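Each remark here refers to the structure printed beneath this line.
As the structure is a prediction and not an experimental result, all values here were calculated from the model.
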Amino acid sequence: MRKDKSYYFCGIGGSGMLPLAMIVRENGAAVAGSDRALDQGRLAAKFEWLQAKGIGLFAQDGSGLTSGDQILIASAAIEDTVPDVAKANALGCKRMTRAELLAEQFNATPRSIAIGGTSGKSTVTGMIGWILTEAGRDPTIMNGAVMKNFVADDAPFASSRVGNGEIMVSEVDESDGSIALFDPEIAVLNNVSLDHKSLEELRMLFGDFAGKARHAVWNCDDAETATLVNGLTLEDAISFGFSEEADFRATDIVEAPVSSQFVLHAGGERFDVSMRVPGRHNIANALAAVAAASAAGVPVQKSVEAIGDFVGLARRFDIVGTANDISVIDDFGHNPDKIAATLKTMKAFPGRIIAFFQPHGFGPIRKMGAELAEVFADLLDEDDRVLLCDPVYFGGTVDRSLGSESVVDAIRNGPDARHIANRDTCGDQIVQWAEPGDRIVIMGARDDTLHSFAVGLLQRLDA
């Protein structure tokens, strides 16, 4: 990336686009963009903040593209008929995907840490970024979620951070295969499980990812990851987990509703760790982060101190509040592993669960609908409730023949499961169900309005 370049982001408000646009802008390049949500009048605060940061915003009608020197940043899946793409093609603009631009910057950084895996990427990225910041390494961080530790009055949507240090930390995505573009010094592999691609494809992508790094940090408790790593020749691999053979291991675990404690064993030493985030999955995330930071030269004790002040990410087991002894939690859970981690964390403590899930598309239902149903059926009891609305859909030509009702129909035991097409009507049902002692969790991805939906529920419960 050069400062004399001009980048135009199609879908600039997206969770992957926005932080990269901010990194590019803060490094001195010209940035503009469009977004369907802007045209629809949604998420006004986000777009007002982008404009205040010097980013030009336009309707998604091609009007923001005026020169062939502009570089269009757009998803590879966006069709040529989309006005921004059609205008860019007519002007002869260069086109890049978000991942290509990110990889270009990432690979040019002197030192780099990439976080991959089906689940936990954003949290581990935030943890590593916070540790490095507290250790005085001044990193640049690219995340797909708002990192609460970095939120400030002038950075309410802190999903990225631009530092002056020589190290960059970024989550990388396997869903579109773009993980193959990145050449990290340190590769963190959280887990390998069914999500957007088949397991065969995932094994190849993650194997190549770990194999080309100088240091591979891997989860020895995850069977798929262990099998994958055992089939590679890695010169400097670091394992983490709860197993006795892990290089960074957690024991003496104490879980609480919104926190956790454990003893970390690393390098023959013991460290007492207290965290302000709950769940065994977050303990595993912390192990991965401390191991990666250690590979980057941060003393373990310094990492332990920093991780104790990590307060989590927006929409990752984000406790919106409690009203009349009913708690509302906002969560990004959208695949079987993520939803299972959230439900297991909640099930560790008493109280009925009302789980609302908005699928993040029709394609994911076809890919993993049966597995999603199995998670709800296995982890929730007959006293619990599951409610699905229709999948998020912002237009396009996707096959919509298989919807949320297919997931509900497959939940044949366990909780009371229902499908109500309209989300607002789901909200009415949740409020009708809710009783003191209940915990309501709002789950889903690719739709920032889910947080406002959760906030609205809390307000209704408090009325």
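Contact annotation: the side chain of Met142 approaches that of Leu20 to within less than 4.5 Å [non-hydrogen atoms, C-beta and beyond]. Residues Ile141 and Ser160 have side chains not in contact (no heavy-atom distance under 4.5 Å, counting atoms from C-beta outward). The shortest side-chain heavy-atom distance between Lys148 and Asp318 falls under the 4.5 Å cut-off. Ser159 places none of its side-chain heavy atoms less than 4.5 Å from the side chain of Met147. In this structure the side chain of Met22 reaches within 4.5 angstrom of the side chain of Leu50, judged on heavy atoms. Between Thr133 and Arg137, every side-chain heavy-atom pair lies at or beyond the 4.5 Å cut-off. Ile115 places none of its side-chain heavy atoms less than 4.5 Å from the side chain of Val172. Proximity of Ile353 to Lys347: side-chain heavy atoms (C-beta onward) are separated by under 4.5 Å at one or more points.
A distance of 11.0 Å separates CG in Asn285 from CZ in Arg316, rounded to the nearest 0.5 Å. Here the CG atom belonging to Leu57 is positioned 6.0 Å from the CD1 atom belonging to Ile12, to the nearest 0.5 angstrom. Here CH2 of Trp218 is found 10.0 Å from CG of Leu232. Values are rounded to the nearest 0.5 Å. In this structure, OG in Ser112 is found 10.0 Å from CZ in Phe182, a value given to the nearest 0.5 Å. Here the straight-line distance linking atom CZ of Arg276 with atom CG of Asn149 works out to 7.5 Å at 0.5 Å rounding.
A salt bridge does not link Asp84 with Arg95: every distance from a Lys NZ or Arg NE/NH1/NH2 to an Asp or Glu carboxylate oxygen is 4.0 Å or more. In this structure, Arg161 pairs ionically with Asp138, as a charged nitrogen and a carboxylate oxygen lie closer than 4.0 Å. Note on Arg203 versus Glu224: salt bridge recorded, some NZ/NE/NH1/NH2 to OD/OE distance being below 4.0 Å. Under the 4.0 Å criterion applied to side-chain N and carboxylate O atoms, Asp69 and Lys5 are not assigned as salt-bridge partners. Ion pair Lys212/Asp183 flagged as a salt bridge, since at least one NZ, NE, NH1 or NH2 atom sits closer than 4.0 Å to an Asp/Glu carboxylate oxygen. A salt bridge is absent between Glu255 and Lys344; no separation between the charged side-chain nitrogens and carboxylate oxygens falls under 4.0 Å.
A pairwise comparison of heavy atoms in Gly211 and Leu234 identifies CA-CD2, 3.8 Å as the closest pair.
Counted by atom type alone, Thr225 and Asn219 present zero donor-acceptor pairs between their side chains at under 3.5 Å. There is no side-chain donor-acceptor pair under 3.5 Å between Asp390 and Ser404. Looking at Asp173 and Ser178, their side chains never bring a donor and an acceptor atom within 3.5 Å of each other. Side-chain N/O atoms of Arg249 and Ser243 include no donor and acceptor closer than 3.5 Å. Side chains of Ser122 and Glu171: a donor on one and an acceptor on the other come within 3.5 Å. Side-chain contact of Gln358 with Asp447: a donor-acceptor pair under 3.5 Å is present, judged by distance alone.
Below 30°, between 30° and 60°, or above 60°: for Tyr8 and Phe58 the angle between ring planes is between 30° and 60°, a tilted geometry. Relative ring orientation between Phe9 and Tyr7 is described as tilted, the plane-to-plane angle lying within the 30° to 60° band. Taking the six-membered ring where tryptophan is involved, the planes of Phe150 and Trp130 are perpendicular, since the angle between them exceeds 60° and thus also 30°. Using a 30° and 60° split on the angle between ring planes, His334 and His360 fall in the perpendicular class, above 60°.
Partners of Arg315 according to the salt bridge (Lys or Arg N to Asp or Glu O under 4.0 Å) rule, which considers only residues two or more places apart in sequence or in another chain, are Asp330.
Counting heavy atoms of neighbouring residues, nucleotides and ligands inside a 6.0 Å radius, atom CD of Glu235 does not exceed 12 of them. The 12-atom threshold is not exceeded at CE of Met204, counting heavy atoms of other residues, nucleotides or ligands nearer than 6.0 Å.
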**Request:** Given salt bridge (charged side-chain N to carboxylate O under 4.0 Å, His left out), test Arg214 with Asp236 step by step and report yes or no.
**Result:** CA-CA 7 Å; Arg214 180 178 172 187; Asp236 195 352; 5.8 Å; no

**Request:** List the steps and the verdict of side-chain hydrogen bond (donor to acceptor under 3.5 Å, both in side chains) for Thr342 and Asp331.
**Result:** CA-CA 8 Å; Thr342 295; Asp331 191 75; 2.8 Å; yes

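Proximity of the aromatic rings of Trp49 and Phe157 is defined here by a centroid distance below 6.0 angstrom, and this criterion is met. When ring centroids are compared, Phe317 and Phe332 stay outside the 6.0 Å threshold.
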